[in-house]
Amino acid sequence: AQSVSQHNHHVILSEAASLELGCNYSYGGTVNLFWYVQYPGQHLQLLLKYFSGDPLVKGIKGFEAEFIKSKFSFNLRKPSVQWSDTAEYFCAVRTSNTGKLIFGQGTTLQVKP
Amino acid sequence: NAGVTQTPKFQVLKTGQSMTLQCAQDMNHEYMSWYRQDPGMGLRLIHYSVGAGITDQGEVPNGYNVSRSTTEDFPLRLLSAAPSQTSVYFCASRIAAQGEYEQYFGPGTRLTVT
């Protein structure tokens, strides 16, 4: 069965620091990849998505992610975080065979002003 | 469009009670799904539907029933609530099961079972 693993459960950064959140998945076939963000008290919002083409995708609010097929990874990056980026971040994978969207455990990001 | 709507926003149940969480979307999406969100476990898929009259189980289906009689609605039923079902429940929809489509989430229902 497909699974998604996010290595960092809780990350604390100071403003202007760079961010990289890891995401690995287990599935050998074609995948669609997503990062969602959940700000405190709100529901999930899509940050970025990868379906095909350029493996480096850019999303909203300065976030980007790189799909490395050989490593089954889709890490999220941001060069300089802001206090307003404090939120929970979820990686999700959808496989071509089932269409089910499976989430990782989530990473809580706390940015100190 | 209202998008994906969920009712109620909050609910407290006693063990053994039953209830239905409502989910509706007005985007004519074929695919709908239910997730539960628990601390440290991310979102886990409970049930999903690829169209009216078709439902299937996700990762954690036990204790929950669903039906899909119309394209718009996808209610989630708890037949006999248990404290382990205390969670935040999210409904989601997208145009179709396959294809490069974004999934939209509702605002969630926070359920507490005592």
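Every chain is numbered from 1, with letters handed out A, B, ... down the list of sequences. As the structure is a computational prediction, the values presented were derived from the model and not from experiment.
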(request) Pick one of side chain, backbone, both or neither for B:Leu43, based on which atoms fall under 4.5 Å of a heavy atom in chain A. (result) both
(request) Verify, without hydrogens or angle tests, whether A:Gln6 (side chain) and A:Asn8 (backbone) share a donor-acceptor contact under 3.5 angstrom. (result) no
(request) With the side chain counted from C-beta on, respond yes when B:Met27 and B:Tyr104 share a heavy-atom pair under 4.5 Å apart, and no when they do not. (result) yes
(request) Could you tell me which portion of B:Arg110 (side chain, backbone, both or neither) has an atom closer than 4.5 angstrom to a non-hydrogen atom of chain A? (result) neither
(request) Tell me yes or no: between the side chains of A:Asn24 and A:Ser5, is some donor less than 3.5 Å from an acceptor? (result) no
(request) Could you tell me which of B:Pro107, B:Ala92, B:Gly108 has the largest number of non-hydrogen atom pairs under 4.5 Å with chain A? (result) B:Pro107
(request) Without swapping roles, check the side chain of A:Arg77 against the backbone of A:Pro79 for a donor-acceptor pair under 3.5 Å. (result) no
(request) Against chain B, work out which of A:Thr107, A:Asn32, A:Ile102 has the most heavy-atom pairs shorter than 4.5 Å and name it. (result) A:Ile102
(request) Check whether the side chains of B:Thr112 and B:Thr86 place a donor and an acceptor atom closer than 3.5 Å, and report yes or no. (result) no
(request) State whether B:Tyr101 and B:Arg94 meet the cation-pi test: NZ (Lys) or CZ (Arg) under 6.0 Å from the six-membered ring centroid, and within 45° of the perpendicular axis. (result) no
(request) Using heavy atoms and a sub-4.5 Å threshold, report which of residues 39-70 of chain A line up against chain B, by residue number. (result) A:His43, A:Leu44, A:Leu46, A:Lys49, A:Phe51, A:Ser52
(message) Using a 3.5 Å distance criterion without hydrogens, assess whether the side chain of A:Ser26 forms a donor-acceptor pair with backbone atoms of A:Ser3.
(response) yes
(request) Look at the aromatic rings of B:Phe105 and B:Tyr35 and report parallel, tilted or perpendicular, splitting at 30° and 60°. (result) tilted
